[in-house]
Amino acid sequence: MAGSNKWKDPFVDALFEAIMLLKNEEECYRFFEDLVTVGEVKSLAQRLEVAKMLERDETYTRIAEVTGASTATISRVKRCLNYGADGYKLILHRLREKNKGE
């Protein structure tokens, strides 16, 4: 899947191309510090952690306690896990595989 039509445009293509050129964690920190606010990055990181916890069948209460996410955010992530473009599933699988090798 090349991406959702609602996202597809040349600027988004260029952004994703730039992100894929980042070589390590330090480069990610530098680029994202210039690109977005701390709050935006923290929000993205929170959603990824929510997805990890949902995949482990953690309760909404526990997820909210650990991540600080609202139940609305947790529900949105769960909806994406179940009915989305499988982006969370893809990256969660790759993270599991990476962690097995370490």
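The structure presented is a predicted model; accordingly, all values stated were derived computationally and were not measured.
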From [atom1] ([X]) to [atom2] ([Y]), nearest 0.5 Å:
X	Y	atom1	atom2	answer
Y83	C80	OH	SG	12.0 Å
I63	Q46	CD1	CD	11.0 Å
Y60	T73	OH	OG1	10.5 Å
L81	R76	CG	CZ	11.0 Å
R30	N24	CZ	CG	9.0 Å
I19	F32	CD1	CZ	4.0 Å

Taking all non-hydrogen atoms of both residues into account, name the closest pair between [X] and [Y] and its distance.
X	Y	answer
E40	T37	OE1-N, 2.8 Å
L21	E27	O-OE1, 4.1 Å
I74	A64	CD1-N, 3.9 Å

Quick check on salt bridge (Lys or Arg N to Asp or Glu O under 4.0 Å): which of K78, K89, R96 does E55 satisfy it with?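 Per the salt bridge (Lys or Arg N to Asp or Glu O under 4.0 Å) rule, the option paired with E55 is R96, out of K78, K89, R96.
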Is the count of non-hydrogen atoms from other residues, nucleotides or ligands lying under 6.0 Å from E97 atom CD greater than 12?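 It does: E97 CD has more than 12 such atoms within range.
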For the CZ atom on F31, are there more than 12 heavy atoms of other groups (residues, nucleotides or ligands in this structure) within a distance under 6.0 Å?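 Yes, because the 6.0 Å sphere around CZ of F31 holds more than 12 heavy atoms from other groups.
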Identify whether V77 and W7 are in the same connected component of the hydrophobic contact network (ILVMFWY, side-chain heavy atoms under 4.5 Å).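 Result: no, two separate clusters.
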Hey, any chance L22 and V12 share a hydrophobic cluster, counting ILVMFWY side chains that come within less than 4.5 Å of each other, even indirectly?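 Same cluster: L22 reaches V12 through Ile, Leu, Val, Met, Phe, Trp or Tyr contacts under 4.5 Å.
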Partner of K98 by side-chain contact (heavy atoms from CB on, under 4.5 Å), out of R94, E102, K100: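 For K98, the side-chain contact (heavy atoms from CB on, under 4.5 Å) check succeeds only for E102.
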Answer yes or no: is there a side-chain heavy-atom contact under 4.5 Å between [X] and [Y]?
X	Y	value
L48	L92	yes
L95	K52	yes
V50	M53	no

Side chain to side chain contact (heavy atoms under 4.5 Å, CB included) assessment of V36 paired with L44: CA-CA 11 Å; V36 297; L44 296 172; 5.9 Å; no
Look only at the side chain of S43 and the backbone of G39, and say whether a donor-acceptor pair between them is shorter than 3.5 Å.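 It does not hold such a pair.
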